[in-house]
Amino acid sequence: MSQIVTRFAPSPTGFLHIGGARTALFSWLLARSQGGRFLLRIEDTDRKRSTQEAIDAIIDAMQWLGLDHDGEIYFQSKRALRHNEVIDQLIASGHAYWCNCSKEQVDAMRETAKAAGKKPKYDGTCREKGLDASCGGVVRFKTPLVGMISYTDLVKGTSSVHYQELDDLILRRSDGNPTYNLAVVVDDHDMGVTHVLRGDDHVNNTFRQIPLYRAMNWDVPQFGHVPMILGSDKKKLSKRHGALSVMEYEKMGFLPDAVANYLARLGWSHGDQEILSREELIQNFSTQHLSSSPSVFDIQKLEWFSGQYMQSAEPKFLVQELLKLLAIELPPLTKTRLEAAMPLLQPRAKHLIDLLEQSRFFIVEPEALSYEQSAVEKFLNAQSTSLLNELFLQLQNIKDWNEEAIEQCLRAFIENKDLKFKALAQPVRVAVTGSTKSPGLFETLFVLGQEQTLKRLKYAVQKFGE
RNA sequence: GACCCCAUCGUCUAGCCUGGCCUAGGACGUCGGCCUUUCACGCCGGUAACGGGGGUUCAAAUCCCCCUGGGGUCGCCA
């Protein structure tokens, strides 16, 4: 069997939203899973609405998600000559004709059809008129009059529609430019695309496009239409409720692998397995398990995925991402400390932003620590600070700073004072981290290091004591 | 309006093609418990679904028909 070729063909009229990203992901997965090629084509024929910013945004987003395409990027706008060449062939072979019906006339036809309880469409007035380029009109495709067109969708199965339902669609506008449906067919053919995975909203175009392939005697690719993604209100995801750019998810601190995994599992399944690495995704992807019904986007589940990825990530990698986010350099020692802190923080973070916030106290000097008001009020009073003062002396005596030694020291301390562990733990925690919430105390102190721990205790005692 | 598509827990889904192993499984969420120095993580347990009606069959979530509900498309936009 020959190599399969898939493509993603966005129109650059805005950022790449989550729905488009998922479609791209599926196409990418299909190609990668079969050792095929994944191409990128920018459908920029609508010059008024296409922007360079949008093109860049789409490319950035795909790169972030790890969807690498093969070969050069195709720009549909650069292919107008070829499109017109095909249109001319279609006219020459009798599959297309010139039409100079005015917009008003066509509108009237549609009204008439609609009034008769039929599908509004052009009635074929100019079909046999034998008009030529001099008419200054458009070129229409001669849709077969009888019979039906059917195809088997990769995700929805076989479906068909009567040719009578179809319009004689316009291939070339009166300004000489090719239309979308023509351009797509020509490009997909020229690019050697064998499998077209695209949004649900294109199913009806498929019935129009297949006859074009046939008229040109071209191989018809396989089509698969993936259902759209809905908002929590079950309405199509719109800018109003959560149709965010995939780059927004980066800003929220999600790891690209987590987003890709979530997206893949939204509308596709591999048994009961939720977490799939990129390799597993590639290995197991198949259009057979694509769902044929729409799915609701659930940020809570994305967060869960993300949390899983945070937990299994490499500390080094996380630190690197954190520093990118902070856009700062850290002194080597602090960086090492931060890296040591990662395993403590990972189970507590849903995404990089969480991690960033929670790791802050590990890398700043005591003076820069932000103490939570309520935590201080509750745990750092005259009594507890004097306790901390005493503890300071004990901790100072530890020769070999490790978790066991710290634990021993603290336990001995409370035993001596006949205190509950909690009575000491929370004040220490607040003094050292600024918050009542933190990883385990011993491991926190250990990672912080003796010097920092002592510095912080001292600082807190001075600041909040008396 | 016409045409096309879709329909399992609140959500993502397994199962449907090749009926019985489904008193419908997993995951997120949620609720309860355990763990515990806080917060998480983790663990254990509970909650909750085959849209309705007809068939076919010994047997239907699975096959067929109808209904209902939802969505998509009907552009010299893509």
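Chain naming here is simple, since letters A, B, ... match the order of the sequence lines and numbering starts at 1 in each.
Among B:U73, B:U37, B:A78, the nucleotide with an atom closest to any side-chain atom of A:Asn204 is B:U73. The side chain of A:Pro120 lies closest to B:G1 when the candidates are B:G72, B:G1, B:C6. Side-chain proximity of A:Asn181 to the nucleotides B:G26, B:A78, B:U37 is greatest for B:A78. Nearest to the side-chain atoms of A:Lys350 among the listed nucleotides B:A78, B:C41, B:G42 stands B:C41. Distance from the side chain of A:Gln311 is smallest to B:G42 among B:G42, B:C28, B:A7. Which of B:A7, B:G1, B:U37 sits closest to the side chain of A:Ser292 comes down to B:A7. Among B:C41, B:C6, B:U13, the nucleotide with an atom closest to any side-chain atom of A:Ser291 is B:U13.
If you look at A:Phe442 and A:Phe421, their ring centroids are closer than 6.0 Å. Taking the six-membered ring for Trp and the full ring otherwise, A:Phe254 and A:His351 have centroids separated by under 6.0 Å.
Pair check for B:U62 finds none; no Watson-Crick or G-U wobble contact set falls under 3.5 Å. Searching all strands for a Watson-Crick or G-U wobble partner of B:G75 with both distances below 3.5 Å returns nothing. Partner assigned to B:G42 is B:C34, using Watson-Crick or G-U wobble distances below 3.5 angstrom. Base pairing analysis places B:C28 opposite B:G10; the two distances defining the Watson-Crick or G-U wobble pair are each below 3.5 Å. The partner of B:C50, taking Watson-Crick or G-U wobble pairs whose two distances both stay under 3.5 Å, does not exist in any strand shown.
Between A:Tyr371 and A:Tyr459, the angle of the ring planes stays under 30°, which puts this pair in the parallel group of the 30/60° scheme. Taking the six-membered ring where the residue is Trp, A:Tyr151 and A:His225 present perpendicular rings, their angle passing 60° and hence far from 30°.
Among the protein residues, A:Ser174 comes within range of the nucleic acid bases, having at least one heavy atom under 4.0 Å from a base atom. Within the nucleic acid shown, A:His202 comes within 4.0 Å of at least one base atom, counting heavy atoms only. Residue contacts for A:Glu43: at a heavy-atom cut-off of 4.0 Å it reaches the sugar-phosphate backbone alone, with no base atom in range. At a threshold of 4.0 angstrom between heavy atoms, the contacts of A:Phe305 with the nucleic acid are absent. Residue A:Gly440 is classed as a base contact, given a heavy-atom separation below 4.0 Å to a base. Base contact: A:Thr436 has a heavy atom under 4.0 Å from a base atom. Among the heavy atoms of the strands lying under 4.0 Å from A:Arg49 is at least one base atom, whether or not backbone atoms are also near. In this structure, A:Ser438 reaches the bases: a heavy-atom distance under 4.0 Å links it to at least one base atom across the strands shown. Among the heavy atoms of the strands lying under 4.0 Å from A:Leu441 is at least one base atom, whether or not backbone atoms are also near. Among the protein residues, A:Val138 comes within range of the nucleic acid bases, having at least one heavy atom under 4.0 Å from a base atom. Using a 4.0 Å heavy-atom distance criterion, A:Thr45 is classed as a sugar-phosphate-only contact. At a threshold of 4.0 angstrom between heavy atoms, the contacts of A:Pro10 with the nucleic acid are absent. In this structure, A:Asp44 reaches neither bases nor backbone, as no heavy-atom distance under 4.0 Å exists between it and the strands shown. Using a 4.0 Å heavy-atom distance criterion, A:Gln164 is classed as making no nucleic acid contact.
With both ends at atom C1', the span from B:C21 to B:A61 equals 15 Å, rounded to whole Å. B:A24 and B:A49 have their P atoms separated by 10 Å, given to the nearest Å. Rounded to a whole angstrom, the distance from the C1' atom of B:G26 to that of B:C4 is 33 Å. Rounded to the nearest Å, the gap between the P atom of B:G19 and that of B:U62 is 12 Å. Distance check on atom P: B:A48 versus B:C67 gives 34 Å, rounded to whole Å. Taking atom P in both B:G29 and B:U11, the straight-line distance is 16 Å, to the nearest Å. For the P atoms, the distance from B:G55 to B:C12 is 32 Å, rounded to whole Å. B:A40 sits 16 Å from B:C34 when the P atoms are compared, rounded to a whole Å.
For A:Met109 and B:C74, the CE to C1' distance is 16 Å, given to the nearest whole Å. Atom CH2 of A:Trp304 is separated from atom P of B:U13 by 14 Å (rounded to the nearest Å). We find that CD of A:Glu372 is positioned 13 Å from P of B:C39, with the value rounded to whole Å. Remark: C1' of B:U38 and CG of A:Leu410 are 14 Å apart, rounded to the nearest angstrom. Taking atom CZ of residue A:Phe297 and atom P of nucleotide B:G10, one finds them 21 Å apart after rounding to whole Å. If you take CG of A:Asp167 and P of B:C77, they are 14 Å apart, rounded to a whole angstrom. For the pair A:Ile55 CD1 and B:A78 P, the interatomic distance rounds to 15 Å; values are reported in whole Å. Taking atom CD of A:Gln426 as the reference point, atom P of B:U38 lies 7 Å away to the nearest angstrom.
At the phosphate of B:U38, neither OP1 nor OP2 sits under 4.0 Å from any side-chain N or O atom of A:Arg348. OP1 or OP2 of B:A78 has at least one side-chain nitrogen or oxygen of A:Arg173 nearer than 4.0 Å. The phosphate of B:A14 (OP1 or OP2) has no side-chain N or O of A:Gln288 nearer than 4.0 angstrom. Between A:Thr13 and B:A78 there is no side-chain polar atom (N or O) within less than 4.0 angstrom of OP1 or OP2. Residue A:Lys234 places at least one side-chain N or O closer than 4.0 Å to OP1 or OP2 of B:U11. Phosphate proximity of B:C12 to A:Ser295: absent, as no side-chain N or O sits under 4.0 Å from OP1 or OP2.
With hydrogens and angles ignored, no donor-acceptor pair closer than 3.5 Å exists between the side chain of A:Ser159 and the base of B:C4. Between the side chain of A:Lys301 and the base of B:A27 there is at least one donor-acceptor pair of N/O atoms closer than 3.5 Å. One cannot find a donor-acceptor pair under 3.5 Å joining the base of B:G72 and the side-chain atoms of A:Asp201. Counting distance only, with no hydrogens placed and no angle test, the side-chain atoms of A:Gln273 and the base atoms of B:G26 include no donor-acceptor pair under 3.5 Å.
Along RNA chain B, the nucleotide closest to A:Lys103 and the one closest to A:Leu290 are compared, and the more 5′ of them pairs with A:Leu290. Residue order along RNA chain B, read from the 5' end via each residue's closest nucleotide, puts A:His162 first among A:Ala9 and A:His162.
Other residues, nucleotides and ligands contribute over 12 non-hydrogen atoms within 6.0 Å of the CG atom of A:Asp175. Other residues, nucleotides and ligands contribute at most 12 non-hydrogen atoms within 6.0 Å of the NZ atom of A:Lys118. Annotation for A:Gln383: atom CD does not count as buried by contact number, only 12 or fewer foreign heavy atoms lying within 6.0 Å.
Between A:Glu85 and A:Arg82, at least one side-chain N (NZ, or NE/NH1/NH2) sits under 4.0 Å from a carboxylate O, which counts as a salt bridge.
Nearest heavy atoms, A:Ser159 versus A:Phe207: OG-CZ, 3.5 Å.
Listed for the A:Gln394 side chain is no donor-acceptor partner under 3.5 Å among the backbone atoms of A:Cys409.
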